A.B. asks: 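Could you have a look at this structure, given as structure tokens, before my questions?
Small disclaimer: the values here were computed from a predicted structure and weren't measured. These values consider heavy atoms only, across backbone and side chains, with no hydrogens, waters or symmetry-generated copies. Lettering follows sequence order; numbering is per chain, from 1.
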There are 2 protein chains.
Amino acid sequence: MSEQSTRTVERALSLLATVCEKGSTSLSDASRAVDLAPSTALRLLRTLEASGFVRREDEGRYRAGPRLMQLGAQALGHESLIDVCHDEMVGLEQATGESVYLSVEGHAASALYISIVEGSHSVRHSNWVGRTIPLAGSAAGLVLRGETPDSGYVIVERGIERDVTAVASPVTAAGRIVAVISILVPSYRMDEQSAQQCGVLLAAAARRLSSGLTDGTAL
Amino acid sequence: MSEQSTRTVERALSLLATVCEKGSTSLSDASRAVDLAPSTALRLLRTLEASGFVRREDEGRYRAGPRLMQLGAQALGHESLIDVCHDEMVGLEQATGESVYLSVEGHAASALYISIVEGSHSVRHSNWVGRTIPLAGSAAGLVLRGETPDSGYVIVERGIERDVTAVASPVTAAGRIVAVISILVPSYRMDEQSAQQCGVLLAAAARRLSSGLTDGTAL
DNA sequence: AATACACTTGCCACCCAGTGAAAAGCTAGC
DNA sequence: GCTAGCTTTTCACTGGGTGGCAAGTGTATT
């Protein structure tokens, strides 16, 4: 093996990922997506199925399985971050009416959205939970890289999406950045001044959360 | 192979599961838990780490990784059940003050809690999201097995936990049971009459959800 | 009906990838 | 310094994973 990593497991995990990302896949789709012989893909998918990581529907298509949901839910729950941050996020939503996200550093230079409090505007940014975005060019990415200015928040207009403005602040525990809270707003609704206001609110909420996490009050 | 299933992948998945379940594990703990040579466990965990399914902390301990959270969140989200059911669950919580759960059938004859709206009582049943319970002897289990009486709800006193009473109703889509909503209450607070009331409320909510899912309104 | 195409599945010989014992580092405690 | 326990590397062995092939099934096209 070239980089001391088990090929078989890598393949199985790739299959798991594609099945999840496509929502529902046939064997041949999956095998083509990861460039494997159908017979091999079948064997691996069966193994995943036997462990409950994927589930097979009546028509033979594969979907994400209950075991994956269980472990995912546990993992998200363990990061009790979601619970800890929930109230502050609700507060921000109420103050701004916009969608408030919580994200953490993901795999391979990405940010992963793990929680949302949806905004109350009818036109709003909705449901990116589970998605990843590149660190480069995103407000969350700047914050995760520790490039937050002294103001305590980052504003990015038209970063990942052309019509969205993002404001983000770091949540720290014992000095380390552990998460990002951010507000995503349709750009047309956001001018310089309201962005600053959002930033101030965000930074304040983030500071409260950070001190709670650092001294253990929140846990 | 005895049952046409790849041993290597099975082992890797077992490792992944134990890491998640223990929250944080050392290499030797994990290798002992799944009965593998440390060197083998190390290699597999590195593969999992390279794919982001586990993450290694500074001190060398393993935790659930971002990729797992991502896929888990996607899987849970795909089952947009959580979104669809959320409002009704909030309504039930407001009517009763108790914790309301949403669960689906899990792996190996179990029910998996995937969502909660926490009750407002200070003594309440809190946060079983991510846990599984056996179908046998639980209200959710009875419902998932299709053993709901004509009343439309099941009441189980002291099923899984000695001091908890559970009331559960089935959520169906196109005639098939796809989920269970349930209310879990500390038994001392629940008498026969209030349990019946809960049941009626639950059954009504479940019926509304089911019809919405069946005719596509909810999606 | 007959043909063609695509997908799923079982089979099995080949051989390389996965394995685990052993040994070497690495820390922490006595 | 010595011991105990954990992590990590190395390496020879071999059995588990692989994928080509063909049979079986399903669904468009002529």
Side-chain angles (χ1 to χ4, degrees), chain A residues 1-65 67-68 107 174 176, chain B residues 1-68 107 174:
Chain A
M1 57 208 107
S2 52
E3 282 287 351
Q4 85 215 88
S5 197
T6 63
R7 190 181 59 164
T8 315
V9 175
E10 273 180 351
R11 290 173 166 182
L13 294 176
S14 299
L15 275 172
L16 179 59
T18 54
V19 167
C20 289
E21 271 150 23
K22 300 202 173 179
S24 168
T25 330
S26 68
L27 170 63
S28 51
D29 277 349
S31 68
R32 257 178 275 123
V34 298
D35 199 36
L36 280 180
S39 50
T40 304
L42 177 63
R43 197 166 0 93
L44 294 178
L45 281 169
R46 281 197 177 144
T47 308
L48 290 170
E49 188 188 1
S51 313
F53 280 81
V54 304
R55 148 200 300 173
R56 193 145 207 202
E57 291 183 323
D58 309 326
E59 320 82 41
R61 301 181 69 80
Y62 289 95
R63 285 169 128 281
R67 201 78 202 280
L68 183 68
H107 187 231
R176 283 182 40 194
Chain B
M1 58 208 109
S2 53
E3 281 288 352
Q4 84 212 95
S5 196
T6 63
R7 189 182 60 163
T8 316
V9 175
E10 273 180 352
R11 290 174 165 182
L13 294 177
S14 300
L15 274 173
L16 179 58
T18 54
V19 166
C20 289
E21 271 151 22
K22 301 202 172 180
S24 168
T25 331
S26 67
L27 169 63
S28 51
D29 278 348
S31 68
R32 255 177 275 125
V34 298
D35 199 36
L36 280 179
S39 51
T40 304
L42 176 64
R43 199 168 356 93
L44 295 177
L45 281 170
R46 280 199 177 142
T47 308
L48 290 169
E49 188 188 1
S51 312
F53 280 81
V54 304
R55 149 199 299 175
R56 193 142 207 208
E57 291 182 324
D58 308 326
E59 319 82 41
R61 301 181 69 81
Y62 290 95
R63 285 168 129 281
R67 201 78 202 279
L68 184 67
H107 187 233

A.B. asks: Going 5' to 3' through nucleotides 21-30 of chain C, assign each nucleotide B (protein heavy atom under 4.0 Å from a base atom), S (under 4.0 Å only from sugar-phosphate atoms) or - (no protein heavy atom that close).
C.D. replies: B---------

A.B. asks: Test your reading of the model: is there a side-chain donor-acceptor pair from B:T47 to the backbone of A:T6, 3.5 Å cut-off?
C.D. replies: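 Present.
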
A.B. asks: Taking CZ from A:R61 and P from C:dT8, how many angstroms apart are they, rounded to a whole number?
C.D. replies: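 It is 9 Å, rounded to the nearest whole Å.
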
A.B. asks: For A:R32, which residues count as a salt bridge (Lys or Arg N to Asp or Glu O under 4.0 Å) partner, sequence neighbours excluded?
C.D. replies: A:D29

A.B. asks: Excluding sequence neighbours, so at least two apart, what forms side chain to side chain donor-acceptor pair (under 3.5 Å) with B:R61?
C.D. replies: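 With sequence neighbours excluded, B:R61 shows a side chain to side chain donor-acceptor pair (under 3.5 Å) to B:S24, given in chain and number order.
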
A.B. asks: When the nearest nucleotide of DNA chain C is assigned to A:S28 and to A:T8 on a heavy-atom basis, which residue is associated with the more 5' position?
C.D. replies: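 Checking each residue's closest nucleotide, the 5'-ward one belongs to A:S28.
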
A.B. asks: Inspect the contact between B:R67 and A:E21 and indicate whether a charged nitrogen and a carboxylate oxygen are less than 4.0 angstrom apart.
C.D. replies: yes

A.B. asks: Considering residues at least two apart in sequence or located in another chain, which fulfil the side chain to side chain donor-acceptor pair (under 3.5 Å) criterion with B:T8?
C.D. replies: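 None.
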
A.B. asks: Only counting residues at least two apart or in another chain, list the ones meeting side chain to side chain donor-acceptor pair (under 3.5 Å) with B:R56.
C.D. replies: B:Y62

A.B. asks: Given D:dT18, D:dT7, D:dT9, identify the nucleotide with an atom nearest to the side chain of B:L42.
C.D. replies: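 In terms of side-chain proximity for B:L42, the closest of D:dT18, D:dT7, D:dT9 is D:dT9.
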
A.B. asks: Just how far, in rounded Å, is P of D:dG17 from CZ of A:R7?
C.D. replies: 11 Å

A.B. asks: Nearest to the side chain of B:T6, which nucleotide is it out of C:dT8, D:dT18, D:dT8?
C.D. replies: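 Out of C:dT8, D:dT18, D:dT8, the nucleotide with an atom closest to B:T6's side chain is D:dT18.
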
A.B. asks: Categorize A:R56 for me: base, sugar-phosphate, or nothing, with a 4.0 angstrom heavy-atom threshold over every strand shown.
C.D. replies: sugar-phosphate

A.B. asks: Just the rounded figure in Å: distance from C1' of C:dT9 to CZ of A:R43.
C.D. replies: 12 Å

A.B. asks: Note the angle between the end axes of the helix from C:dA1-D:dT30 to C:dC30-D:dG1, five pairs defining each, rounded to 10 degrees.
C.D. replies: 40°

